[in-house]
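Here the structure is laid out as structure tokens; the discussion comes afterwards.
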Amino acid sequence: MKNIYKNSSLNLARAKKILMKNNIIGLPTETVYGLAGNAYSNNAVKKIYKLKKRPRINPLIIHYYNLRLLKKDAFLSERFLKLYKKFSPGPLTYILKKRKNSKISSFANANLKTIAVRFPQNRIIRKLLGKLKFPLAIPSANLSTAVSPVCSNDVLDEFGKKLSFILDGGKCKIGLESSVVNLNKKIQILRPGAISAKEISKILREKVYFSNKSNKVISPGMIKKHYSPGIPIELNCKKMDDKAAFIVFGKRYKKQKNMFNLSKKGSLEEAARNLYKTLRKIKKKGFKKIKVVKIPKSKIGIAINDRLKKAAN
Ligand code: AMP
Ligand code: MG
């Protein structure tokens with residue numbers, strides 16, 4: 001497909017050029033595919049919101065190569081540095097206090113006093129970030145409220161001709177969005193992901209809380225529907241029904257028509273990787289309803305349950 005560009009030095013140079021002109025590209029990260037733009041440019045950031053149809057009050061995550069540029073944009077607390085050493089680059093996003101003289105576009109963090117920052121691990125995006133003199137504002141590369149993309153074709157499905165350049169990086173290693181942790185005052189998980197509250201607590205030797213409203217900065221009406229395939233989802237189901245797609249997990253399910261197993265061997269990591277792909281496939285097949293069995297609530301299973309719950313809302 002024309003809009004999709006293979007990973008090569010020529011295409012990375014092309015990507016850099018587009019970003020320097022404050023235009024937007026699609027690219028891979030280890031979590032999900034993202035829509036990237038120059039985080040220092042109001043214009044670039046506004047283009048991201050417009051393309052995604054994302055409400056301007058929902059801030060974006062700023063992606064850095066390392067601490068060099070970040071030091072100028074945010075205050076690096078002791079808690080942050082401890083976690084950074086252990087988990088970055090990787091699928092963990094930190095909420096930090098923004099510096100007054102930071103160059104980050106105030107549109108990117110919805111005019112808040114804080115910014116969300118991440119250091120992605122995927123080789124391709126790291127190569128690109130290493131070549132840039134600015135960080136990238138990157139939300140997931142899907143229309144607001146829809147399911148996140150986990151391969152370059154998913155991104156094409158979302159935006160078609162509206163996005164002319166997508167860097168291809170194959171399938172995402174993790175398949176779910178990053179964990180988001182607020183490190184100001186009490187430590188709070190705003191969004192569960194591959195890095196668990198337990199792991200964070202172990203490094204910081206402090207209690208880690210879960211925010212029950214998934215995010216304070218978003219008005220409740222808007223997070224109600226999120227990660228949504230656009231058809232009704234029923235959770236914790238035990239039985240199939242003729243018309244619904246049935247999402248299962250583990251080896252005790254015998255393959256049947258309408259059945260989609262997230263991981264036959266019962267691996268939660270594999271289930272996370274397959275979740276969004278499965279939701280997209282079910283929608284494409286034209287099912288009008290989805291039923292899902294209970295998924296274990298441990299490790300990345302916590303994040304899977306979080307996304308399913310929001311998708312079912
Ligand atoms: P997405 O861009 O779809 O991966 O989502 C990014 C998540 O990070 C959303 O839930 C945002 O509300 C959250 N986020 C980004 N910036 C901030 C911030 N400064 N404070 C709190 N949450 C934030
Ligand atoms: Mg998103």
Side-chain angles (χ1 to χ4, degrees), residues 24 26-37 39 45 48-49 51-64 70 73-75 77 80 91-99 102 104-120 122 125 135-150 154-155 158-159 172 174-195 209-229 275-276 279-280 303 306-307 309-311:
I24 307 308
L27 47 55
T29 86
E30 71 276 19
T31 57
V32 299
Y33 271 70
L35 272 186
V45 172
I48 295 176
Y49 280 96
L51 194 56
K52 265 185 79 83
K53 301 199 170 100
R54 176 157 165 142
R56 288 263 184 97
I57 60 159
N58 189 0
L60 309 178
I61 297 174
I62 315 300
H63 292 63
Y64 288 87
L70 177 64
D73 291 328
F75 295 98
S77 62
F80 162 72
L92 179 58
T93 295
Y94 314 91
I95 308 295
L96 304 176
K97 289 217 174 80
K98 188 183 183 186
R99 286 187 187 273
S102 153
I104 297 295
S105 159
S106 58
F107 290 100
N109 70 320
N111 247 323
L112 297 165
K113 292 200 165 75
T114 53
I115 52 173
V117 312
R118 185 163 96 82
F119 309 83
N122 172 284
I125 186 176
L136 294 173
I138 317 183
S140 50
N142 53 273
L143 292 167
S144 188
T145 80
V147 169
S148 294
V150 292
D154 292 350
V155 182
E158 289 286 322
F159 299 107
C172 295
I174 294 172
L176 288 182
E177 302 80 357
S178 60
S179 316
V180 180
V181 63
N182 190 349
L183 298 174
N184 307 303
K185 296 180 196 152
K186 66 178 185 180
I187 306 167
Q188 222 179 14
I189 302 287
L190 303 181
R191 175 172 78 188
I195 311 274
Y209 297 84
F210 270 93
S211 142
N212 47 356
K213 277 187 253 158
S214 126
N215 212 315
K216 274 197 218 117
V217 297
I218 309 172
S219 72
M222 292 203 302
I223 54 156
K224 255 192 178 161
K225 209 178 113 201
H226 205 158
Y227 314 113
S228 166
L275 178 66
Y276 289 150
L279 292 177
R280 260 175 214 276
D306 169 76
R307 305 307 191 273
K309 207 170 137 196
K310 285 179 190 144

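In listed order, ligands and their atoms are each counted from 1. Worth saying up front: this structure is predicted, and the values here are computed from it rather than measured.
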Polar protein atoms (N, O or S) that approach the Mg ion (ligand 2) to under 2.8 Å: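 Listed by chain and number, the atoms are Ser140 OG.
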State whether the shortest distance between N or O atoms of Lys52 and N or O atoms of ligand 1 falls below 3.5 angstrom.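 No: no nitrogen or oxygen of Lys52 is under 3.5 Å from one in ligand 1.
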Does Arg54, backbone or side chain, put an N or O under 3.5 Å from an N or O of ligand 1?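 Checking ligand 1 against Arg54, an N or O pair does fall under 3.5 Å apart.
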Applying a strict 4.0 Å limit to heavy atoms, is Asn109 in contact with ligand 1?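 Asn109: no contact with ligand 1 (<4.0 Å).
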Suppose I only count heavy atoms of [X] and a 4.0 Å limit; which atoms of ligand 1 are within that range?
{"X": "Ser140", "result": "3 (O)"}
{"X": "Pro139", "result": "2 (O)"}
{"X": "Asn58", "result": "9 (C), 11 (C), 12 (O)"}
{"X": "Arg191", "result": "1 (P), 4 (O), 5 (O), 6 (C), 7 (C)"}

Thinking salt bridges, do Arg118 and Glu30 make one under a 4.0 Å N-O criterion?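 Salt bridge: yes.
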With side chains defined as the heavy atoms from C-beta onward, is the minimum distance between [X] and [Y] less than 4.5 Å?
{"X": "Pro135", "Y": "Leu70", "result": "no"}
{"X": "Ser211", "Y": "Arg191", "result": "no"}
{"X": "Ile195", "Y": "Val181", "result": "no"}

Of the side chain and backbone of [X], name the one, both, or neither that has a heavy atom under 4.0 Å from an atom of ligand 1.
{"X": "Ile61", "answer": "side chain"}
{"X": "Leu112", "answer": "side chain"}
{"X": "Thr93", "answer": "neither"}

Could you pull out, from Thr114, Ile95, Leu35, the option with a heavy atom nearest to atom 21 (C) of ligand 1?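 Considering heavy atoms of Thr114, Ile95, Leu35, the nearest to atom 21 (C) of ligand 1 sits in Ile95.
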Quick one: does any side-chain atom of [X] pair with a main-chain N or O of [Y] as donor and acceptor, under 3.5 Å?
{"X": "Lys98", "Y": "Ile104", "result": "yes"}
{"X": "Arg280", "Y": "Val147", "result": "yes"}
{"X": "Tyr227", "Y": "Tyr276", "result": "no"}

side-chain contact (heavy atoms from CB on, under 4.5 Å) between Lys97 and Asn184, intermediate numbers included: CA-CA 8 Å; Lys97 289 217 174 80; Asn184 307 303; 3.8 Å; yes
Walk me through whether Ser178 and Thr93 qualify under side chain to side chain donor-acceptor pair (under 3.5 Å). CA-CA 6 Å; Ser178 60; Thr93 295; 2.8 Å; yes
Between Ser140 and Glu177, is there a side-chain donor-acceptor contact under 3.5 Å, judged purely by atom types and distance?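 Not at all, the side chains of Glu177 and Ser140 share no donor-acceptor pair under 3.5 Å.
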Compute whether any side-chain donor of one residue and acceptor of the other, for Tyr64 and Asp73, lie under 3.5 angstrom apart.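 Result is yes, a qualifying pair exists.
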